[in-house]
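Note sheet for the following structure.
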Amino acid sequence: MPELPEVETIRRTLACRVEGRRIRAAWFLSPLVADGRPEVLSARLKGARIERLDRLGKHLLARLEGGATLDIHLRMTGKLLWNGEAGRWARAVIELDEGRVVFEDIRQFGRMRWWGEGEGPAGLGPDALGLSLREFAARLKGRRGRVKPLLLNQAVVAGLGNIYVDEALFRAGIHPLAQARRLGLTRMRRLHEAIMMVLNEAIEAGGSSIADYVDAEGARGGFQEWHQVYGRAGLPCVRCAAPVQRMVVSQRGTHYCRVCQRR
DNA sequence: ATCTATTCCTGGCTGC
DNA sequence: TGCAGCCAGGAATAGA
């Protein structure tokens, strides 16, 4: 599942390949194109130069000459492969003046969208990476609700998903069902630090490869080896040896230690 | 505002 | 070996 560290790793492995290149041709399969018809997107992209590859939360943003943006969201199983083959799971191919980008997506949840000049993905909070403690605390304090659903909400903080929320909450010693606005400054600071640490370490490791994720060169990530709770239900907690618990929160598998994580 | 359930989708896994 | 049934979950959506 590409979350912030995986999308950032893809951005880093792809940016040097596509920045400055011109799009010769592109095709897309429905329903990949979120807003409009695939052939309209193809026509818009033809001949455009990619100035820069940015990231906001889990969105990859290809900044095009003239101010438009191609917004790419990988959702669950989307991959962007540099010079990949247009095989069984290809949903889009973007041919550049040198090389090509193949979008593969087994489960077809991924979406691409065109934004005109001055437009962009709507309703996103600030990117999780580089978010200050002050702003982070303010955004959680102003909300009712439990901490895990809030951290998963992209309008609150952009970029966190199921894996990194579980990992950050464990490292901060906070229960996923804790009321966010009742977290004191100490625990808020610990949570902020845990998020930064987990995201930075995961980027350093090239992301987490549970099943499908690979970067633009086809390389798997290594951070799954460092997961402390995610996917470890029933195994001993790395801190206290009590079995890691699993429950469902917001329709998502939630992994935590009932000894180390307090409400 | 916050919550839950539903939808999309298919490879991989479990159990028989 | 085959097969049915379930599971994984990001985000949009509807309804309570």
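Worth knowing before you read on, the calculation uses all heavy atoms, side chains too, and leaves out hydrogens, waters and symmetry mates. Throughout, protein chains are lettered first and strands after them, A, B, ... in sequence-line order, and every chain is numbered starting at 1. Quantities reported herein were computed from a predicted structural model and do not represent experimental measurements.
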Applying ring pair (Phe, Tyr, Trp, His ring centres under 6.0 Å), which residue pairs with at least one partner in residues 41-88 of chain A are found, sequence neighbours left out?
His59(A)-His73(A)
If the sugar-phosphate is the primed atoms plus P, OP1 and OP2 and the base is the rest, what is the B/S/- string for nucleotides 4-10 of chain B, using protein heavy atoms under 4.0 Å?
SBB-BBB
Using whole Å, report how far CZ of Arg139(A) lies from C1' of dA1(B).
15 Å
Please classify the nucleic acid contact of Met1(A) as base, sugar-phosphate, or nothing, using heavy-atom distances under 4.0 Å.
sugar-phosphate
I want to check one thing: is the phosphate of dG10(C), taken as OP1 and OP2, less than 4.0 Å away from some side-chain N or O of His73(A)?
no
Round to the nearest Å and state the distance from Leu152(A) atom CG to dA11(C) atom P.
9 Å
Would Lys148(A) and Asp166(A) pass as an ion pair if we require N to O under 4.0 Å?
yes
Base, sugar-phosphate or nothing for Arg143(A)? Non-hydrogen atoms, less than 4.0 Å.
sugar-phosphate
For residues 227-235 of chain A, please give each side-chain donor-acceptor pair under 3.5 Å, one per line with the distance, not counting sequence neighbours.
residue: His227(A); atom: NE2; partner: Ser208(A); partner atom: OG; Å: 2.8
residue: Arg232(A); atom: NH1; partner: Gln228(A); partner atom: O; Å: 2.9
residue: Arg232(A); atom: NH1; partner: Pro236(A); partner atom: O; Å: 3.1
residue: Arg232(A); atom: NH2; partner: Pro236(A); partner atom: O; Å: 3.0

In whole Å, I'd like the distance from the CD atom of Glu3(A) to the P atom of dG10(C).
6 Å
N/O donor-acceptor pairs under 3.5 Å from side chains in residues 32-43 of chain A, not counting sequence neighbours:
residue: Asp35(A); atom: OD2; partner: Arg113(A); partner atom: NH1; Å: 3.4
residue: Arg37(A); atom: NE; partner: Glu39(A); partner atom: OE2; Å: 2.8
residue: Ser42(A); atom: OG; partner: Ala26(A); partner atom: O; Å: 2.8
residue: Ser42(A); atom: OG; partner: Pro38(A); partner atom: O; Å: 3.2

Nearest-angstrom distance from the residue atom CG of Leu140(A) to C1' of dA1(B)
15 Å
With nearest nucleotides of DNA chain B determined for Gly145(A) and Asp212(A) from heavy-atom distances, which residue corresponds to the more 5′ nucleotide?
Gly145(A)
Return the set of residues passing side chain to side chain contact (heavy atoms under 4.5 Å, CB included) with Asp54(A) (not counting sequence neighbours), or none when no residue passes.
Arg52(A), Leu61(A), Arg63(A)
Of all residues at least two apart in sequence or in a different chain, which pass the side chain to side chain contact (heavy atoms under 4.5 Å, CB included) check with Ala219(A)?
Asp215(A)
Exercise: identify the closest heavy-atom pair between Leu152(A) and Gly161(A)
CD2-C, 3.5 Å
Gap between atoms CG and P, on Leu160(A) and dA11(C) respectively (whole Å)
10 Å
Distance check needed: dA12(C) C1' versus His59(A) NE2, whole Å only.
12 Å
Side chain to side chain donor-acceptor pair (under 3.5 Å) pairs, two or more places apart, involving residues 169-181 of chain A:
Glu167(A)-Arg171(A)
Is Arg11(A) paired with Glu8(A) through a side-chain N to carboxylate O contact shorter than 4.0 Å?
yes
Which atom pairs, one a donor and one an acceptor, fall under 3.5 Å between side chains of residues 84-98 of chain A and the rest of the protein, sequence neighbours left out?
residue: Arg91(A); atom: NH2; partner: Ser30(A); partner atom: O; Å: 2.7
residue: Arg91(A); atom: NH2; partner: Gln108(A); partner atom: OE1; Å: 3.4
residue: Asp97(A); atom: OD2; partner: Arg22(A); partner atom: N; Å: 3.2

List the atom pairs, with distances to 0.1 Å, where a side-chain N or O of residues 131-140 of chain A and a protein N or O form a donor-acceptor pair under 3.5 Å, not counting sequence neighbours.
residue: Ser132(A); atom: OG; partner: Glu135(A); partner atom: N; Å: 3.1
residue: Arg139(A); atom: NE; partner: Val156(A); partner atom: O; Å: 2.7
residue: Arg139(A); atom: NH2; partner: Ala155(A); partner atom: O; Å: 3.0

What's the CG-P distance between Asn153(A) and dA11(C), to the nearest Å?
9 Å
Kindly state which residues belonging to residues 219-236 of chain A come within less than 4.0 angstrom of DNA chain C, counting heavy atoms of the residue only, listed by number.
Tyr230(A)
Bend of the helix from dT2(B)-dA16(C) to dC16(B)-dG2(C) from end-axis comparison, five pairs per end, nearest 10°, comes to 50°
d(OH, Tyr213(A); C1', dG11(B)) in whole Å
20 Å
Please table the atom pairs, donor to acceptor, closer than 3.5 Å between any side-chain atom in residues 116-129 of chain A and protein atoms at least two apart or in another chain.
residue: Glu119(A); atom: OE1; partner: Gly116(A); partner atom: N; Å: 2.6
residue: Asp127(A); atom: OD1; partner: Arg55(A); partner atom: NH1; Å: 2.7
residue: Asp127(A); atom: OD1; partner: Gly57(A); partner atom: N; Å: 2.7
residue: Asp127(A); atom: OD2; partner: Arg55(A); partner atom: NH2; Å: 3.1
residue: Asp127(A); atom: OD2; partner: Leu129(A); partner atom: N; Å: 3.1

